[in-house]
Amino acid sequence: MTSPSPRDELPIISADGVSKSFGDNRVLNKVSLDVKTRDVVCVIGPSGSGKTTLLRCLAMLEIPSDGRIVMQGTTISTPAPDATVRKAARAVRPEIGMVFQHFNLWPHRTVLENVIEAPLLVKRTPRADAIATAEALLDKVGLADKRDAYPARLSGGQQQRVAIARALAMSPKVMLFDEPTSALDPELRREVLAVMRQLAAEGMTMLVVTHEMGFARHVGSRVVFMDRGEIVEEGAPAAFFSAPKTERAQRFLQQFED
Amino acid sequence: MFRYTFRWDTVWNNFDFLMSGLQMTLLLSVITLVLAMLLGLVLALLDMAKYAPLRWVGVGFGEVIRNTPILVQLLWVYYVLPIVFGIRIEAFTALVVGLSVYQAAFISEVYRSGIQAVPKGHREAAQVLGLTPVQSFRRIVLPQAIRMTLPPLASNFVQLIKFSSLGAVISVNEITRRGMELSASTFRPLEIFTFIAVVYFFICWPLAMGIRLWERRLLAQ
Ligand SMILES: Nc1ncnc2c1ncn2[C@@H]1O[C@H](COP(=O)(O)OP(=O)(O)O)[C@@H](O)[C@H]1O
């Protein structure tokens, strides 16, 4: 291990006072959040509280109405990005991996083609290398035998694991997960969660919007509770789940108790 | 029942004459389809342009074309354009121009719905992986859109074959016009127009059936 340089100590990605409105609807209200190296931040909260929007701002799929997104000290997204910011955004884009609720695999491409597309086009990896990496990643998510299948032939859980492999193929510094198991039948969730748990164990930096309280509790290094566009409470999972401080978090957690 | 002696030999004796008309019909349809596909793409891009005035041009043009009769448009191109611009337009050119503009207005809608049918998430996945908008359009959106637009484009070709018969009105020598000429000189419209209808049918029907099967297979995937 090399000793950490100052750059390594900076948060991998941060939201800095981010607000977002859609028309008159203020969905995020001055949200600040740091994701540090090896963090597994789980964002939970009632639906409509702005969790997905926050994630999409971090992934630069939404432009914040106010505030900024910072990656290792470099501003990559602002309400009116200038040339410097846009250039920084292009440079770091591949370093932010994202997994969608609905997988978003490209249906006209095989599993392998889905995984090698971005390395070939964006990183200009030689084809043979891209394929070797992709095969290793597919093996890791347990789908080596589906290499030449089209996404439509796979179950939802398998599609989501391919989507994870596709994001990993760009060697991201952080992985953003947007409710990765919400679109899946309960029996298919486990295989996706297992892959995510393994990633966390390997030290991947992750931000996960989820309704899986078990995952947040046992795999998360930090829990962020959002309500009505704000971060209401955050802390270590053990403390948060056993003794939430705010009343809103208490009420939210009650609905998961049987 | 009326008593009538069929004289099908009128058709057989002038078979080559009629077939030269069929050749013209098919040539017209192919040229027009190619032009309409190109012009349709331009219209679709105008319709989806970020710059509003471009969009108005595209949308306005499409609305006018789709909401006036094709025959009137053909007559307009053939008789009015020459007066307005002081140019000579041959009947063939007028027909190609009129039909391709008309068909382009429909084909642009086909393109547009094909492009819009590609879920936004597919583009977002490309975007977060770092593909440029052009790469994403070429590699992710277009291949999917084209697959969806091929059957409707083929249906447009069938339509064009039928619409090309309107060329008869401005005396383009396609098969319908040939039939009118032959009928005028032989007084045998029954045999001639029946034969011509059968020819159209046996070209268009298999195409239409093939397209339907093709569409069903695409949907099943
Ligand atoms: N593109 C959009 N346009 C308009 N409103 C949106 C858009 N995206 C999200 N919203 C609104 O933002 C609010 C928060 O949504 P979201 O971030 O998805 O919450 P959560 O992920 O916590 O369920 C919702 O009320 C939703 O309707």
Side-chain angles (χ1 to χ4, degrees), chain A residues 52 55-63 76-77 86 89-109 113-125 150-153 159-160 162-172 174-178 183, chain B residues 37 40-41 44-45 48-52 55 107 110-155 210-221:
Chain A
T52 293
L55 196 87
R56 290 173 58 85
C57 284
L58 290 168
M60 296 186 279
L61 288 174
E62 302 286 357
I63 297 171
I76 57 169
S77 181
R86 282 204 303 270
R90 262 199 309 278
V92 304
R93 175 133 252 163
E95 299 178 354
I96 306 172
M98 171 138 180
V99 174
F100 299 83
Q101 184 177 353
H102 295 288
F103 333 131
N104 291 338
L105 294 181
W106 302 310
H108 60 301
R109 296 295 174 82
E113 288 167 348
N114 264 276
V115 180
I116 61 175
E117 180 79 5
L120 291 182
L121 283 181
V122 180
K123 283 212 218 152
R124 311 229 163 261
T125 310
Y150 281 91
R153 297 257 170 267
Q159 290 190 47
Q160 192 61 298
V162 173
I164 293 174
R166 178 174 69 177
L168 290 174
M170 294 301 279
S171 326
V174 56
M175 287 280 283
L176 308 175
F177 292 85
D178 183 14
Chain B
M37 280 171 63
L41 189 60
L45 292 176
M48 292 185 293
K50 283 214 177 86
Y51 183 57
R55 227 162 40 229
I107 286 180
V110 169
Y111 287 142
R112 216 166 54 140
S113 59
I115 288 170
Q116 283 168 351
V118 177
K120 186 160 146 253
H122 294 182
R123 263 175 290 142
E124 289 186 345
Q127 192 184 340
V128 293
L129 286 162
L131 272 71
T132 63
V134 173
Q135 285 174 331
S136 163
F137 187 75
R138 264 194 37 223
R139 313 264 311 179
I140 309 302
V141 178
L142 213 51
Q144 295 192 65
I146 285 174
R147 268 178 45 166
M148 284 183 269
T149 52
L150 283 180
L153 281 181
S155 302
I211 294 163
R212 214 171 298 163
L213 279 178
W214 186 12
E215 248 172 347
R216 213 172 292 158
R217 266 191 29 207
L218 277 186
L219 275 181
Q221 278 175 12

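Throughout, protein chains are lettered first and strands after them, A, B, ... in sequence-line order, and every chain is numbered starting at 1.
- Across all non-hydrogen atoms, the minimal contact from Gln135(B) to Leu121(A) is NE2-O, 3.6 Å.
- Contacts of Met60(A) with chain B are made by backbone atoms alone, with heavy-atom separations under 4.5 Å and no side-chain atom involved.
- Nearest approach of Ala59(A) to Val128(B), heavy atoms of both residues: O-CG1, 4.1 Å.
- Within the 3.5 Å criterion, the main-chain N or O of Leu129(B) finds no donor-acceptor partner in the side chain of Arg166(A).
- When the shell of 6.0 Å around CG of Leu41(B) is examined, it contains more than 12 heavy atoms from other residues, nucleotides or ligands.
- For Arg55(B), the CZ atom sits in a packed shell: over 12 heavy atoms of surrounding residues, nucleotides or ligands are nearer than 6.0 Å.
- The side-chain heavy atoms of Gln127(B) and Arg93(A), taken from C-beta on, include a pair separated by under 4.5 Å.
- Using a 4.5 Å cut-off between heavy atoms, Glu124(B) touches chain A through backbone and side chain atoms alike.
- Chain B forms more heavy-atom pairs under 4.5 Å with one residue of Ile96(A), Val122(A), Val99(A) than with any other, namely Val122(A).
- Residue Ala169(A): no heavy atom, backbone or side chain, is found under 4.5 Å from chain B.
- Heavy atoms closer than 4.5 Å to chain B are found in the backbone of Leu105(A), but not in its side chain.
- Atom NE2 of residue His122(B) and atom CZ of residue Phe103(A) lie 11.0 Å apart, to the nearest 0.5 angstrom.
- Taking CZ of Arg109(A) as the start and CD1 of Ile140(B) as the end, the distance is 5.0 Å to the nearest 0.5 Å.
- Atom-to-atom distance recorded for Arg139(B):CZ and Glu117(A):CD is 4.0 Å, nearest 0.5 angstrom.
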